[in-house]
There are 2 protein chains.
Amino acid sequence: MSLSTSDRSLVELVIRRLNVMRPLSSEARASLEYALLEGLVRAGASEDLISEGDPVDSVRVVLSGWLCRYKTLEDGRRQIVNFIFPGESCDAHAFLLPVMDHSIATMTPVVYAEIKRARFESLTMSDRSLAEAFWCETLVNNAIQREWAINLGRRTALERVAHLFCEIFERLRPVGMVDGNSCVMPVTQMDLADATGLSVVHLNRTVQELRATGLIVLRDRTLTINDLDALKDAALFSPNYLQLYRPD
Amino acid sequence: MSLSTSDRSLVELVIRRLNVMRPLSSEARASLEYALLEGLVRAGASEDLISEGDPVDSVRVVLSGWLCRYKTLEDGRRQIVNFIFPGESCDAHAFLLPVMDHSIATMTPVVYAEIKRARFESLTMSDRSLAEAFWCETLVNNAIQREWAINLGRRTALERVAHLFCEIFERLRPVGMVDGNSCVMPVTQMDLADATGLSVVHLNRTVQELRATGLIVLRDRTLTINDLDALKDAALFSPNYLQLYRPD
DNA sequence: GTCGCGGCATAACCTAGGTTAAATTAGTCG
DNA sequence: CGACTAATTTAACCTAGGTTATGCCGCGAC
C-alpha cells in the first residue's frame with residue numbers, strides 16, 4: 001500500500017501513546033514504526049474485521065477511525081462491549097487463545113496496521129518495554145470492561161449515556177482527537193444504544209434530556225461538552241480506570 | 001503457616017488447571033508448587049483483600065473459597081463484575097498498572113497463596129509456558145468480562161440469572177467442585193443480585209421462577225441443575241468464551 | 001428531479017423490574 | 001433455650017425504560 005505523509009504521522013501517534021504506557025527504547029520505537037508502516041491496510045465503514053469463533057494470527061493496530069467489539073445473541077440482540085480508538089490495538093495477544101470470543105467491526109472507514117503473530121512476538125521478545133506496553137493496553141482494556149459492567153448493571157440511562165460520552169472524550173484526548181470541548185461522534189444513535197444497553201428510542205430520549213439540560217450539544221456528527229465537570233458529575237464518572245496518566 | 005495434606009492437594013489443583021491452559025514443564029510445576037506452598041494465607045468471609053485505588057505488589061492464587069471483584073458508586077450502588085474461583089489468580093500482572101481499578105472481597109472463608117511481585121516475575125521469566133499460562137488466564141478473564149457486558153446489557157432477568165448459574169457451574173467443573181448436577185452456592189441472594197444487576201427482590205422472584213419451572217433447585221447453599229441443557233437454552237448460554245478446552 | 005432508505009424525532013402505550021414494607025425463616029451468640 | 005440479626009419470601013404499588021408506530025429530514029441512485 002502506498003504511504004502518505006499523514007500515515008506516517010498516525011504511526012507517530014501510536015508510538016507516542018504506547019510510550020506513555022511504558023517508556024520505549026529508541027530501538028523499540030524504530031522497529032515498531034517499521035513494522036507498522038509495512039502492514040498498512042484500509043477498510044470501509046461497517047465491515048467485520050474478525051468474527052466470534054475465528055482463529056487469530058495477527059495483531060491490528062488502529063491508526064485512524066473508530067471500531068467496536070461486539071457480541072450478539074441468537075435472536076439478534078447486540079451488545080457493543082467496547083470501542084477501539086486510534087492508537088489502540090485490536091487483539092494484541094488474542095492469538096494465545098484458540099478463537100475469538102467476540103467480533104470486531106469498523107464503525108467508520110479505518111486505517112490500521114496488521115502485524116503477523118510471528119513478527120509481533122519477535123518484536124515483543126526483543127524488547128521488554130514494548131511487550132509491557134502492549135500488556136498494559138490489555139490490562140487497561142480489562143479495566144474498561146469492568147467499568148462497562150457497572151455502567152450497564154447499576155447506572156440509570158442518563159448516567160450511562162453521560163458516562164459513555166465522558167469516556168469517549170477522555171480516551172480521544174490523549175491521541176489529540178479532541179478540539180477544545182468538542183470531538184467527532186461518527187456513530188449512529190443505534191450504535192450508542194447498543195453500547196449502553198438501551199433501546200434506540202430511549203437512547204434518543206436520553207440524548208434529548210442531556211441536550212435540554214445544556215450539558216451537551218450533539219449535531220453534525222460532533223459532540224460538544226459544554227461543562228465537562230458537570231457531565232462527569234451527572235455520570236458519576238471517575239477516570240481512574242483509564243489509567244491515562246502514569247503517577248511517577 | 002502450617003501445611004496440611006489438604007493444602008497440598010489444593011496446590012495440585014491449581015497447577016493442574018494452569019497446565020490445561022498451557023502445558024507446563026516439570027520444572028515450572030515444581031517451582032510454582034514451591035512458591036505457592038510458601039505463601040499460604042487464610043482469610044475469613046466478607047473481607048476486602050484489596051480495594052480500588054490500592055497499589056499492587058503481589059499475586060494471589062486462590063486455593064479454596066469464593067471471591068468477587070466489585071466496583072461501587074458514590075451512593076452505594078454496587079456491581080459485582082466477576083467471581084474468582086479456586087484455582088484462579090486474583091491479580092496476576094495487576095502490578096503493571098499503578099493502582100487497582102476495582103476491589104476484591106472474599107465471599108466465603110478462603111485459602112490463597114500470595115506471591116510477591118519479584119518472585120512472580122522471576123518465575124514467569126524463567127519459564128515461558130508458565131508466563132503464557134498466567135496471561136491466558138488474564139485473557140479469559142477479559143472474555144468473561146465481555147460476556148458479562150452482554151449479560152447485563154441485553155439479557156432479561158431470567159436469562160441473566162440462568163446464565164450466571166450456568167457459568168458458575170461450568171467454571172467450577174474443571175476444578176472438581178461439582179458433584180453430579182450439583183455445586184455449592186455459598187453466597188447470598190444479595191450477592192447474586194449485585195452480580196446480575198438486579199434488585200434483591202427481583203432476583204428472588206427470578207429464582208422462584210427458575211424453581212417453579214423445575215430447572216433448578218437452590219436450597220441449603222446448594223445449587224442443583226436438573227437439566228443443564230434446558231438451563232443453557234433458557235440462558236442463551238454458549239460456553240465458548242470460557243475457553244475451557246484446548247482444541248488440539 | 002424523485003424514489004428509496006437510513007437515521008432522527010416524538011407520541012401513545014405497556015411491561016419488566018424497582019421500591020417499600022412487612023412476614024417468615026435460618027443462623028448465631030449468649 | 002431465648003434474643004437478635006441476617007437472609008429469604010411475598011405483596012402492593014410504581015416508574016424507568018421498552019415497544020410500536022408514524023412523520024420527517026437528508027442523501028445517494030437513477
Side-chain angles (χ1 to χ4, degrees), chain A residues 44-47 66 73 75-80 105 107-109 151-164 184-212 216-223 234-236, chain B residues 44-46 66 73 75-80 105 107-109 150-164 184-212 216-223 234-236:
Chain A
S46 303
E47 288 180 18
W66 288 28
L73 300 179
D75 62 5
R77 279 175 280 176
R78 181 174 87 129
Q79 177 69 43
I80 291 180
M107 312 185 80
T108 68
N151 208 30
L152 293 164
R154 289 305 185 204
R155 271 187 260 253
T156 65
L158 192 89
E159 290 163 351
R160 275 185 228 183
V161 177
H163 190 279
L164 181 63
V184 290
M185 182 61 57
V187 299
T188 66
Q189 295 196 355
M190 180 57 138
D191 294 324
L192 295 175
D194 281 344
T196 49
L198 300 170
S199 65
V200 210
V201 175
H202 199 62
L203 184 277
N204 181 273
R205 281 196 281 248
T206 308
V207 168
Q208 302 299 335
E209 199 180 336
L210 285 170
R211 284 203 261 246
I216 64 157
V217 177
L218 179 55
R219 209 179 51 208
D220 305 328
R221 307 268 117 155
T222 300
L223 171 72
L236 303 174
Chain B
S46 303
W66 288 28
L73 299 179
D75 62 6
R77 278 175 281 176
R78 181 174 87 128
Q79 178 69 43
I80 293 181
M107 313 185 80
T108 68
I150 188 169
N151 208 30
L152 293 164
R154 289 304 185 204
R155 269 186 261 254
T156 65
L158 193 87
E159 291 163 352
R160 275 186 228 183
V161 177
H163 190 280
L164 181 61
V184 290
M185 181 61 57
V187 298
T188 67
Q189 295 196 356
M190 179 57 137
D191 294 324
L192 295 175
D194 281 344
T196 49
L198 299 170
S199 66
V200 209
V201 175
H202 199 64
L203 184 278
N204 181 273
R205 281 196 279 247
T206 308
V207 168
Q208 302 299 334
E209 199 180 335
L210 285 170
R211 284 203 260 245
I216 64 156
V217 177
L218 179 55
R219 210 179 51 207
D220 303 331
R221 306 271 117 155
T222 300
L223 171 72
L236 303 175

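- With hydrogens and angles ignored, no donor-acceptor pair closer than 3.5 Å exists between the side chain of B/Arg160 and the base of C/dG17.
- A/Met190 places its CE atom 15 Å from the P atom of C/dA9, with the value rounded to the nearest Å.
- Separating the CZ atom of B/Arg205 from the P atom of D/dA7 is a distance of 20 Å, rounded to the nearest angstrom.
- Atom CG in A/Asp220 sits roughly 16 Å away from atom P in D/dC25 (whole-Å rounding).
- Here the straight-line distance linking atom CG of B/Leu218 with atom CD of B/Gln208 works out to 9.5 Å at 0.5 Å rounding.
- Legend: salt bridge (charged side-chain N to carboxylate O under 4.0 Å, His left out) pairs involving residues 186-212 of chain B, not counting sequence neighbours, sorted by first then second residue: A/Arg154-B/Asp194, B/Arg78-B/Asp191, B/Arg78-B/Asp194.
- Backbone-only engagement by A/Thr156 is indicated by non-hydrogen atom pairs under 4.0 Å involving sugar-phosphate atoms exclusively.
- B/Glu209 has its CD atom 12 Å from the C1' atom of C/dG17, to the nearest Å.
- At the heavy-atom level, A/Val201 lies under 4.0 Å from base atoms of the strands shown.
- Recorded end-axis angle for the helix from C/dG1-D/dC30 to C/dG30-D/dC1 stands at 50°, based on five pairs per end and rounded to 10 degrees.
- The shortest distance between the side-chain N/O atoms of A/Arg211 and the OP1/OP2 oxygens of C/dA9 is below 4.0 Å.
- Listed here is the closest heavy atom pair of B/Gln79 and B/Gly197: OE1-CA, 3.8 Å.
- Using a 4.5 Å heavy-atom threshold, the side chains of B/Met107 and B/Ile80 count as touching.
- As a whole-Å value, the separation of A/Arg155 CZ from C/dG18 P is 17 Å.
- Residue-level contact check: A/Ser199 touches the bases, meaning some heavy atom is under 4.0 Å from a base atom.
- The interatomic distance linking A/His202 (NE2) with D/dT15 (C1') rounds to 11 Å, in whole Å.
- The side-chain heavy atoms of B/Arg155 and B/Ile150, taken from C-beta on, include a pair separated by under 4.5 Å.
- Nearer the 5' end of DNA chain D, as judged by each residue's closest nucleotide, is the contact made by B/Asn204, out of B/Asn204 and A/Ala157.
- Side-chain N/O atoms of A/Arg221 and base N/O atoms of C/dG7 include no donor-acceptor pair closer than 3.5 Å.
- Rounding to the nearest 0.5 angstrom, the gap separating the OG1 atom in A/Thr156 from the CG atom in A/Leu198 is 9.0 Å.
- Taking 4.5 Å as the limit, every side-chain heavy atom of A/Thr206 sits out of range of all side-chain heavy atoms of A/Thr196.
- Here the P atom of nucleotide C/dG17 and the CD atom of B/Gln208 are 16 Å apart, to the nearest Å.
- Along DNA chain C, the nucleotide nearest A/Gln189 and the nucleotide nearest A/Arg154 are compared for position; the residue whose nucleotide lies closer to the 5' end is A/Gln189.
- Between the C1' atom of D/dC25 and the CZ atom of A/Arg219 lies a distance of 16 Å, rounded to the nearest Å.
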